[in-house]
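In the text below, chain A, chain B and the rest are named by the order of the sequence lines, each starting its count at 1.
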Number of protein chains: 2
Amino acid sequence: MSKLPRPTISDVAKAAKTGKTSVSRYLNGEQNLLSEDLRLRIEHAIAALDYRPSLMAQGLKRGRTRLIGLIIADITNPYSVNVLSGIEAACREKGFTPLVCNTNNELDREQHYLDLLRSYQVEGIVVNAVGMREEALNRLQQSALPMVLIDRKIPDFACDVVGLDNTQAATTATEHLIQQGFEALLFLSEPLGTVNTRRERLSAFRATLARYPGVVAESAETVLHEAAQIDNTLRQFHARHRGMRKAVISANGALTLQVARSLKRIGLHWGSDIGLLGFDELEWAELAGVGITTLKQPTWQIGYAAVEQVVRRIDGSDNTVREQLFSGELIVRGSTSL
Amino acid sequence: MSKLPRPTISDVAKAAKTGKTSVSRYLNGEQNLLSEDLRLRIEHAIAALDYRPSLMAQGLKRGRTRLIGLIIADITNPYSVNVLSGIEAACREKGFTPLVCNTNNELDREQHYLDLLRSYQVEGIVVNAVGMREEALNRLQQSALPMVLIDRKIPDFACDVVGLDNTQAATTATEHLIQQGFEALLFLSEPLGTVNTRRERLSAFRATLARYPGVVAESAETVLHEAAQIDNTLRQFHARHRGMRKAVISANGALTLQVARSLKRIGLHWGSDIGLLGFDELEWAELAGVGITTLKQPTWQIGYAAVEQVVRRIDGSDNTVREQLFSGELIVRGSTSL
DNA sequence: CTGTTAGCGCGTTCAT
DNA sequence: ATGAACGCGCTAACAG
């Protein structure tokens, strides 16, 4: 039960009565250059010793590792894990292996993981910025590695991005509410800062409503975990428009959860007292009261496309900065039909 | 914009006009053995070159990597990501780095990742078996690495486990329902197979009810995504006990979601028509109708304890097989108060 | 206090 | 068709 050292390529060579070169050749697909006899001996030796080449040594030798680093700010976010599926699928197809790092939105951990990934010679990184704090995202420019961002851009920094077509999505959402006959709309978001996704969604919301002068357009920012702030915002919005049909658009899934909790606290029912529409699909959307209308992102495709792009860069087959946008899909439920 | 090679320790040594040994010493905390002058030169050179030691080379040289592999069957499961937080916190404290691998419940991917982790010389692995298929779990015995299981055991294989005290939890849940005056209870689970957690929960359920002869005890197995099957099971259970107060216990969070959907489909309201209690806390539990009573697992602590245990093994400071069980906490909501 | 040297496991010339 | 020898970047003796 003592932990014996892993067998090395030399052990295999010895067991197969040959040199390491031949074993190395065997491993790298140059099997046709080997005699039938030798090949079998090697095959046998490998199986007998349960030998696996050390990726450490391999990576050290040749420069490439076929590793792609993943930086995720908040793995608790359902959006992120869904994107992850697409990422993994693509990695697999392209012959890469993803290294998942969850920074938990802490700056020092991001730095730590970034160093780690570089130390492991990852050939590129995919940054899932959903839920990521601005500062964390901004610091990312440093890494001179092939990098592609998911969801959000770094201001003033040309970099590949793949994410939602925010304008299309917000327009679709807003028009749906108008069609449903809502007369006052509140766009609720986390602090806009320089976060392009939030700003774009809000802009499209405003642009759309500019075409419908009869409808009241409001917007507000709130911190995610300030329950009281959300309560007040919603309560006041509701009070300000007594007698009108009003609805709230929540700018992302995490916020939608908080909004729903808030409405419950202050005793407002979505679908009857107030309309509710949230960005990002939620597995429980149909179960919450009369159901919550959502704008679903094609998360899997987004993840897949991100890897495709980073691989293009790694291969050097494309050097133009790309911005790849996917359309959202409105899923109508009870919360938007008064 | 050509990708220049990363600076090596030799580059640093050259820039600091010294040998690599001193640089190596500088990096490994033996700074007190260096002259003030030299130390500053090295420090300067490192900063100037933005040098990071190659973990590949380091790992190759000394046998240890301070890496812990994580195998997760289904990262989509909220339980898993919550456990992940505890794991990462513990890793950080102990000076390890977690390598997260999501197998998506596919056998070949598990094999792939297992090989990968071993190739990277991870010093131990933590297997989050929540949602893992039995076959996948069973194959895990092979790896002769320090390993600790989360949530579920491998039948007939002595291995560290950390998870829920299923007996305590199921007993608590069952007694709660009895106290609430329910007269017929259905324990609903995914196929029991040899999965100890499911069997233990069911056993405790039965054992508890054995002490209350007046209460009807039933149990059923169902496949997670067979909607029709769940519908039938619930409908028949409801029909079978007309006029009685009845409740369903769902054996895990993923199933609770399906049960709630099913009840909605067949038009039964939890809290009024039927009671509902689910293992695993859900972020949306309070929002679904009158709220769903859950049995919350201390996920963070479970993850943390798992790493503690694997580290103990790595350090060789403990060789006894441990089974560490944590108590669940009942969170009462509307679904269990008729 | 500091530098020289010998491998860690592997891929890769370069000879045979 | 096969093997010997060198070096990837680093640490750990071992000198000095």
Item to check | Pairwise 5' ranking along DNA chain C for R25(A) and K17(B), keeping only the more 5' one | outcome: K17(B)
Checklist entry - If we only count heavy atoms from C-beta on, is the D318(B) to T320(B) side-chain gap below 4.5 Å? => result yes
Checklist entry - Could a donor-acceptor pair under 3.5 angstrom be found where the side chain of S24(A) meets the base of dT12(C)? => result no
Next on the checklist: So Y51(B), base contact, sugar-phosphate only, or nothing? Heavy-atom distance under 4.0 Å.
Outcome noted: sugar-phosphate
Checklist entry - For the side chain of R52(B) and the base of dG9(D), is some donor closer than 3.5 Å to an acceptor across the two? => result no
Checklist entry - Do N128(B) and L149(B) come close enough that some side-chain heavy atom pair is under 4.5 Å? => result no
Next on the checklist: How many whole angstroms separate atom CG of L55(B) from atom C1' of dC8(C)?
Outcome noted: 15 Å
Item to check | Candidate nucleotides dG11(C), dT5(C), dC10(D), ranked by approach to the side chain of T21(B) - the nearest | outcome: dT5(C)
Checklist entry - Under 4.0 Å: is that the gap between some side-chain N or O of S22(A) and OP1 or OP2 of dG3(D)? => result yes
Checklist entry - The side chain of T18(B) lies closest to which of these nucleotides: dG11(C), dG3(C), dG9(C)? => result dG3(C)
Item to check | Residue whose nearest DNA chain C nucleotide is more 5′ - R41(B) or A57(B) | outcome: R41(B)
Checklist outcome for this item: From CE of M56(B) across to C1' of dC10(D) the rounded distance in Å is 13 Å
Checklist entry - Is it true that E308(A) and R322(A) make a salt bridge, defined as a side-chain N closer than 4.0 Å to a carboxylate O? => result no
Item to check | Pair T194(A), E134(A): side-chain N/O donor-acceptor within cut-off below 3.5 Å | outcome: yes
Next on the checklist: Between dT2(D) and S35(A), counting only base atoms on the nucleotide and side-chain atoms on the residue, is there a donor-acceptor pair under 3.5 Å?
Outcome noted: no
Checklist entry - To the nearest Å, how far apart are N28(A) CG and dG11(C) P? => result 5 Å
Item to check | Spacing of Y120(A) atom OH relative to dC8(D) atom P, expressed in whole Å | outcome: 21 Å
Item to check | Between P of dG9(D) and CD1 of I9(B), the distance in whole Å | outcome: 11 Å
Checklist entry - Quick one: K20(B) NZ to dC14(D) P, roughly how many Å, whole number? => result 18 Å
Checklist entry - Think Q58(A) has a side-chain N or O under 4.0 angstrom from the OP1 or OP2 of dG9(C)? => result no
Checklist entry - Salt-bridged, E106(A) to R92(B), with N to O below 4.0 Å? => result yes
Next on the checklist: If I take atom OH in residue Y26(A) and atom P in nucleotide dC10(C), what distance separates them, rounded to the nearest angstrom?
Outcome noted: 15 Å
Next on the checklist: Between C1' on dC8(D) and CG on L60(A), what's the gap in Å once rounded to a whole number?
Outcome noted: 4 Å
